[in-house]
Amino acid sequence: MRTGVRRCGSLVISLSVIVRLCVVSSLFSIAGSVWTQHQQERSIFLQDASDNFLLYEFLSGGLVIGWNHTVTLEDEELASTRPAKVFHRIVNGRVPKTPPAIANTLANVPSLGETLEMDNFEQLLLASVYAAHRGRDPDRRGDPEHRRLWGRLFCQLVGAVTHDLTRQVVRC
């Protein structure tokens, strides 16, 4: 019982950290960072502070990862909204979902002095959420190698996002 509470608490803490990172990201955007946006079809979800809070609602409502790596929202009412449809399209179309794809994305992160483009930042952020959920996969609960792999990927993804925001190097 205690480990279940601890795991749930750590997921809530992780979600809280991710939302705070999103808010900081939006503040940087508002402060004058120029990020490319396509007017016809949104290629990024996080365009202003309200999107950060909406992302928090999506994540705290729960995600379901299907057998084919498709991510859906648990809350059906929330999933039926227009922003949720944009979120689904982005998370299912642009976010890497296999360890080799995530490793490739991490390998293409700009060097230490460069700032990530918003779409790359968002891709790393959502991939970290995906990795956290895959590490908690109930079907593979007894497989410590599976948990280590996804935990390591999660740490590397969060490290890349944190470095982009704070310029501090995070070691896993």
Side-chain angles (χ1 to χ4, degrees), residues 4 6-26 35 41-47 51-76 78-81 83-110 116-165 170 172:
R6 190 177 309 138
R7 285 182 191 157
C8 182
S10 66
L11 183 60
V12 169
I13 290 170
S14 296
L15 289 175
S16 175
V17 167
I18 288 170
V19 167
R20 287 182 182 142
L21 290 173
C22 291
V23 169
V24 169
S25 165
S26 284
W35 292 327
E41 184 176 308
R42 286 175 64 172
S43 62
I44 57 174
F45 185 76
L46 301 171
Q47 294 186 354
D51 290 337
N52 294 323
F53 296 112
L54 196 52
L55 179 62
Y56 179 75
E57 289 294 320
F58 290 166
L59 298 177
S60 62
L63 296 177
V64 176
I65 299 175
W67 63 271
N68 60 350
H69 306 289
T70 303
V71 177
T72 57
L73 298 176
E74 244 179 75
D75 184 334
E76 291 178 15
L78 200 53
S80 67
T81 64
K85 290 178 182 14
V86 172
F87 172 78
H88 282 124
R89 189 177 78 299
I90 291 170
V91 78
N92 288 316
R94 301 206 61 242
V95 175
K97 296 184 184 80
T98 63
I102 292 172
N104 186 36
T105 300
L106 285 167
N108 292 326
V109 170
L116 292 171
E117 293 292 327
M118 184 58 186
D119 57 342
N120 293 338
F121 174 84
E122 185 175 274
Q123 188 178 27
L124 291 173
L125 183 71
L126 293 173
S128 68
V129 171
Y130 182 83
H133 276 272
R134 283 301 303 265
R136 291 178 34 107
D137 187 356
D139 296 333
R140 309 276 306 264
R141 195 165 293 200
D143 186 359
E145 187 58 35
H146 171 82
R147 291 177 59 97
R148 262 188 241 106
L149 170 68
W150 286 103
R152 187 175 64 249
L153 289 170
F154 173 75
C155 184
Q156 291 171 348
L157 289 161
V158 169
V161 169
T162 302
H163 179 268
D164 186 61
L165 292 174
V170 177
C172 296

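The shortest heavy-atom contact between His69 and Ile65 is CA-CG2, 4.1 Å. Smallest separation of non-hydrogen atoms from Thr81 and Leu78: OG1-O, 2.8 Å. The minimum heavy-atom distance between Ala84 and Ala79, with the atom names listed, is CB-O, 3.5 Å. Residues Arg94 and Gln123 come closest through the heavy atom pair O-NE2, 2.6 Å. The nearest pair of heavy atoms linking Ser128 to Phe154 is O-CD1, 3.1 Å.
Residues Leu55 and Asp51 are not in side-chain contact: their nearest non-hydrogen atoms beyond the backbone lie 4.5 Å or more apart. Between Asn104 and Pro96, every side-chain heavy-atom pair lies at or beyond the 4.5 Å cut-off.
The one candidate from Arg147, His146, Lys97 that meets the side chain to side chain contact (heavy atoms under 4.5 Å, CB included) condition with Arg134 is His146. With Val71 as the fixed residue, the side chain to side chain contact (heavy atoms under 4.5 Å, CB included) test singles out one of Val129, Ile90, Leu63: Leu63.
The backbone N or O of Gly159 sits nowhere less than 3.5 Å from a side-chain atom of His163 that would complete a donor-acceptor pair. Under the 3.5 Å distance criterion, the side-chain polar atoms of Asn120 are left unmatched by any main-chain donor or acceptor of Leu116. Judged purely by atom type and a 3.5 angstrom limit, His133 has no side-chain atom pairing as donor or acceptor with the backbone of Gly62.
Rounding to the nearest 0.5 Å gives a distance of 12.0 Å between CD of Gln47 and CG of Leu54. Atom OG1 of Thr72 is separated from atom CZ of Phe87 by 10.0 Å, given to the nearest 0.5 angstrom. Interatomic distance, CG of Leu153 versus CG of Leu157, reported as 6.5 Å (0.5 Å rounding).
The aromatic rings of Tyr130 and Trp150 stand perpendicular to each other, their planes meeting at an angle above 60°, with 30° marking the opposite boundary.
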